[in-house]
There are 2 protein chains.
Amino acid sequence: MKITYKGDYALKTILDLAAHFGNGPVAINDLSRRLDIPTKFLEQILLDLKRAHFVESRRGKIGGYCLSRPPAQITLGEVTRFINGPVEPIACVDKKYSGCHDIGKCVFRDVWAEVNRSTARIIDNVTFEDLLKKSKKINKAFTYQI
Amino acid sequence: MKITYKGDYALKTILDLAAHFGNGPVAINDLSRRLDIPTKFLEQILLDLKRAHFVESRRGKIGGYCLSRPPAQITLGEVTRFINGPVEPIACVDKKYSGCHDIGKCVFRDVWAEVNRSTARIIDNVTFEDLLKKSKKINKAFTYQI
DNA sequence: GTATACTCTACTAATATAATAGAGATTATA
DNA sequence: TATAATCTCTATTATATTAGTAGAGTATAC
Ligand code: FES
Ligand code: FES
C-alpha cells in the first residue's frame, strides 16, 4: 500500500466533512483553505469521491459537499482503496501476475498475502468516527496545554 | 509497501542463489533463463545487490554470483527495503512530510505507523532459509503428485 | 589470446503523479 | 431576471518512476 498526495488529501477531506456532518454542505474553497490542498486538485478529488458515493454535492450559492453516510459507516480502508488501489504489495495476491512462472509454487505469495491481511485488518477497522473522536481529543489536549 | 518488478526479480534471484549457496558462483545467464528475467535488467539488479553486499561476484570463465552470507542471515525485509524503499505507506511515519500542516495533530499518522509495524513484523521475520525450506517442501509435494 | 562472464554509463518508452487551465451548468437571492 | 457563488467536466502539462535496452569496457580460466 502506498498513500499518494491524492489519497492523503481525500482522507483529510473526508475527515473534515465528518466534522461538519449534519451541518449542511461545506464549500470546496473552505476545505481547500483549511486543509491546504490546491483548489483545482481538490475539485477533482471530490468529483471522484462523489462518483463513488462517499460524498454528495449541492451546486449554487449555498452549495458544497457533505458525506453521503455517517462517519461511523465510512472506513479508512474503503477510501484508501478507492483512491490508491488495492492494499496488497503485489498484484499476484489478488489475481494473476506475469512475474511468476508457476504461481502455485511461489513461496513469496503467502508472505504478501499475510501482509495484505494484516494491513486490511488495521485499516478496515478504523472508521471516520473513530478518527474524529481522536481528533477532538487531541485538539482538547492542545487547548489545555495553552 | 509496493513490490515492483525489480523487487520481485531481486527476491527470486536471492532465493535462487540461496538454493545454490556453497556450490560456487551462478552465472547471470543461468539465473536469467531459470527465473525468466530480462538478462540486461538482471545485470543491473545484481550490481545493485552487490553494492549492498547481499551478493559477491566473480568475473571470467567460471564467473558468476553467490550470496555474501548464508540464507539464514538474509531477511525478506532487508532485500525488499533495499530495492523498493521503506515499508511504511506514507513518508511521514519516518520523517517529515509536507502533506500535513501540523504533524503533531494528525490522526492518520498513528494508523500508518501501525501498518508499518505490522508489515515489518512479517517481512523481517522471514529469512531466505525459511523460504528455501518452504520451496523444497512444495517441490517435493509436486513430485509426489506426479 | 580468446571465449566467457561480469561492469559501467547512458539512453528510451510507457505510465503514474500532482497538479493547472478554462469553459460550462446550477442555484439562492436581491 | 440578473448575477454572484458554487459545483462540473475535459484537456493539458511537468516531473518522476518503472522497466527495460544498448554498447563499450574489464577480468579471468584455459
Ligand atoms: S506469484 Fe506473486 S511473487 Fe510469485
Ligand atoms: S502527518 Fe502524515 S498523514 Fe498527517
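Since this is a predicted model, take the numbers as computed values, not measurements. Note: hydrogens, waters and symmetry copies are ignored here, and every other heavy atom, side chains too, is used. Naming: A, B, ... by sequence-line order, numbering from 1 per chain.
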For C:dA16, take OP1 and OP2 only and decide whether either is under 4.0 Å from a side-chain N or O of A:Y5.
no

Name the closest nucleotide to the A:L47 side chain, picking from D:dT8, C:dA19, D:dC7.
D:dT8

Using a 4.0 Å heavy-atom cut-off across all strands, classify A:I62 as base, sugar-phosphate, or nothing.
sugar-phosphate

When the nearest nucleotide of DNA chain C is assigned to A:T39 and to A:K61 on a heavy-atom basis, which residue is associated with the more 5' position?
A:T39

Mind calculating the distance between CG (B:D48) and P (D:dT17) to the nearest angstrom?
15 Å

Comparing nearest nucleotides in DNA chain C, the 5'-proximal residue of the pair A:G60, B:V26 is B:V26

Between C:dT12 atom P and B:F41 atom CZ, what is the distance in whole Å?
18 Å

Look at B:D124 together with B:R81 and state whether they make a salt bridge at an N to O cut-off of under 4.0 Å.
yes

So does B:Y9 get a side-chain nitrogen or oxygen closer than 4.0 Å to the phosphate oxygens (OP1/OP2) of D:dG20?
yes

Between C1' of C:dA18 and CG of A:D36, the distance in whole Å:
14 Å

So, is B:K50 near the phosphate of C:dT7, with a side-chain N or O under 4.0 Å from OP1 or OP2?
yes

Hey, what's the ring geometry for A:W112 with A:F108, parallel, tilted or perpendicular (30° and 60° as the breaks)?
parallel

Using a 6.0 Å cut-off, check whether atom NZ of B:K105 has over 12 heavy atoms from anything other than its own residue.
yes

Which distance, rounded to the nearest 0.5 Å, do you find between the CZ of B:R34 and the OG1 of B:T13?
10.0 Å

B:R51 has an atom CZ; how far is it from atom P of C:dT7, in whole Å?
9 Å

Distance check needed: C:dA18 P versus A:E43 CD, whole Å only.
18 Å

Regarding the side chain of A:K40, the nearest nucleotide among C:dA19, C:dA21, D:dG23 is C:dA21

For a quick test of reading the model: is some side-chain N or O of B:T4 closer than 4.0 Å to OP1 or OP2 of D:dA19?
yes

Want to settle it: does A:Q44 or B:R58 sit nearer the 5' end of DNA chain D, counting the closest nucleotide to each?
A:Q44

Keeping the roles fixed (side chain from B:K2, backbone from A:E88), state whether a donor-acceptor pair exists under 3.5 Å.
yes

Can you check the A:N84 CG to C:dA18 C1' distance for me, whole Å?
13 Å

Reckon B:I28 touches a base, only the sugar-phosphate, or nothing at all at heavy-atom distances under 4.0 Å?
sugar-phosphate

Nearest-Å distance for atom pair NZ/P, residues B:K2 and D:dA19:
11 Å

When rounded to the nearest 0.5 Å, the distance separating CG of A:L67 from CD1 of A:I74 is 4.5 Å

To the nearest Å, give me how far apart CD1 (B:I83) and P (D:dT17) are.
15 Å

Would you say a side-chain N or O of A:S57 is under 4.0 Å from OP1 or OP2 of D:dT6?
no

For a quick check, tell me whether the side chain of B:R59 and the base of D:dT26 share a donor-acceptor pair closer than 3.5 Å.
yes

